[in-house]
Amino acid sequence: MAFTFQINTDVEFIHDENLLKKAEENKPVIQTRKVFPVCIAELVKDETQLNGITAKQSKKDLSQLPSYGWKRDDRLILDFGDHMVGKFEIDIDQTGSPMDAPLYLRIKFAEVPSELEAESRDYNGWLSRSWIQEEFVHFDQLPAKLFLPRRYSFRYVELKIIDTSPKWQAVFSNPTVTTETSADSSSFKPLCLKDEKLQKIYNVGIKTLADCMQDVFEDGPKRDRRLWLGDLRLQALADYASFDNTALVKRCLYLFAGMTTKEGKISANVFVQPKNIPDDTFLFEYSLFFISVLYDLHQAHPDENLVRELYPIAKKQIDLSLQMFDKDGKLIPDEDYPVFVDWSNEFNKDTAGQAEMIYVLKQFIFLAETIREADINFYREKLTLISRYARENLYRSERKLFVTGNEEFNIASQVWMVLAGVMSPEENREIMQTTIREMFPITGIATPYMYHHIVEALFQAGLKDDAVTLMKNYWGKMIDLGADTFWEAFDPNQPDYSPYGSPIVNSYCHAWSCTPVYLIKKYLTE
Ligand code: RAM
């Protein structure tokens, strides 16, 4: 894992108030719902489940909750039965002698059971420990209502009694979550699939997407809780295949379009609280994917006016990226504007980046044609040049694979060149068949983001069975390990792997993993 922080505080941004007003006009209504736990749970060891831990129903009966007294070191784990995003409250009283000391409580929210076993003091990862969903509260008087104003992402809530006093115990009642989402399920009809495993994958994908649909398409409701362009692209595709909330996609496009750098570059992510703020992080293809999101939206719901309105911003991304290609059409990577492709930095990304440019340039030319732009020959010529460079210099016909960097052959190069449609359909098929033969089972990839692109490339190359098998082996395995929503990171070869060294900061409901919703609808039902 080697995604690194960027600090670019000297970058100047512009705020286009006209575009940001449109982002505001497309602000979604947040739907709320009251949800109650399904049982009191306890943790048990289970090697078949994530990190070797699962939660099972306790002998304590939830309906009797107000009759139980809780003392020092007791742990009450409430299981809400499914993944929740929302605000938690519970009534607290006491039983026994008068309250001769305060109640001191620790409250933990966990998306998966193993988060409850991890102690925050042991966390030493590179991501902020402030993401750990844990609070400490004192109550000087009871009865009282505990209402936590923060929105949490969880299935389990643990109330650990740090102390009462030997004379009295705490009593809990009415635990409730008010869930929040901007996904409107009322008019959405989920797919019914014959294949049971695919149906489960699809259902969990829908839940993942819905829980990430908030004021913007968040990447993860636990973390980072913001709008990332790379995640948005995939969420929007899954959204058209399900809830079809186009206003939310438009809102996100306007947010990125309304806050570029002075030179016109789009940030990799933006914040919308306490006000609209672009992050000072830039990724080569995340900026370019602004074009892909606009293209995909236009495919799903043609809107020439929107394309015309956002075209200058789209064009700027292409123009800035074209400056990174030499006269032969070769991408010269810039470490200040890195090609992302995947979190791993253990492989060379130059060829994948070259392919991503081709992929987006084609979409850009389509958009330019849509609005009858006069001056697009320049871009057509660039597309020819960059594609020719890929075919003539990066393709090794004797191996039926693309090379990258210093004679390296990796999976990302093949996948992105296939998605970019650089070679003929027959050659694409050969490339993916060679990839399966030489690079499967996949190693060193831990993001559903990269797995998504591998599966889609298999579908595009006509290898439907292989695509379905990979989808089942990857997303299906998360379900086997207990997933209610799909995870930010998962390496099937080492299921316990966390990019941060501890599950407590992993996001177990992460947007870029919801794509089976799109893949199943597009490639298996249409
Ligand atoms: C992480 C998040 C986000 C992703 C970036 C690149 O911070 O998981 O979803 O897009 O990496």
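Not measured: the values here are computed from a predicted model. The first residue in the sequence is number 1, and the count goes up from there. In each ligand, atom 1 is the first atom listed, and ligand 1 is the first ligand listed.
For ligand 1, the atoms lying closer than 4.0 Å to a non-hydrogen atom of D231 are 3 (C), 4 (C), 9 (O), 10 (O). Atom numbering of ligand 1 starts at 1 in the shown order; those under 4.0 Å from a heavy atom of Y286 are 4 (C), 6 (C), 10 (O). When each atom of ligand 1 is checked for a heavy atom of H510 under 4.0 Å away, the hits are 2 (C), 3 (C), 8 (O), 9 (O). Which parts of ligand 1 touch E488 is read off a 4.0 Å heavy-atom cut-off, strictly below it: atoms 8 (O). Per-residue contacts place D219 under 4.0 angstrom from the following atoms of ligand 1 (heavy atoms of the residue considered): 2 (C), 3 (C), 9 (O). Atoms of ligand 1 found under 4.0 Å from any heavy atom of F340, numbered from 1 in the order shown, are 6 (C).
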- Message: Determine whether Y451 and I442 satisfy the following criterion, side chain to side chain contact (heavy atoms under 4.5 Å, CB included), listing intermediate values before the conclusion.
- Response: CA-CA 9 Å; Y451 270 88; I442 299 163; 3.6 Å; yes

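R106 has a carboxylate O that lies under 4.0 Å from a charged side-chain N of E158, or vice versa, which qualifies the two as a salt bridge.
Residues that satisfy the side-chain hydrogen bond (donor to acceptor under 3.5 Å, both in side chains) test with D480, not counting sequence neighbours, are K197.
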Could you list the donor-acceptor pairs under 3.5 angstrom formed between side-chain atoms of residues 254-265 and any protein atom two or more places apart in sequence or on another chain?
{"unit_1": "Y254", "atom_1": "OH", "unit_2": "E309", "atom_2": "OE1", "d": "2.6"}
{"unit_1": "T261", "atom_1": "OG1", "unit_2": "E263", "atom_2": "N", "d": "3.4"}
{"unit_1": "T261", "atom_1": "OG1", "unit_2": "G264", "atom_2": "N", "d": "3.2"}
{"unit_1": "T261", "atom_1": "OG1", "unit_2": "K265", "atom_2": "N", "d": "2.9"}
{"unit_1": "K262", "atom_1": "NZ", "unit_2": "E12", "atom_2": "OE1", "d": "3.0"}

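Using a 4.0 Å heavy-atom cutoff, W343 is listed among the residues neighbouring ligand 1.
At a heavy-atom distance under 4.0 Å, only side-chain atoms of D224, from C-beta outward, approach ligand 1.
Geometrically, R233 engages F289 in a cation-pi contact defined by less than 6.0 Å to the ring centre and at most 45° from the axis.
In summary, the side chains of Q214 and S182 do not present any donor paired with an acceptor at a separation below 3.5 Å, with no hydrogens or angles considered.
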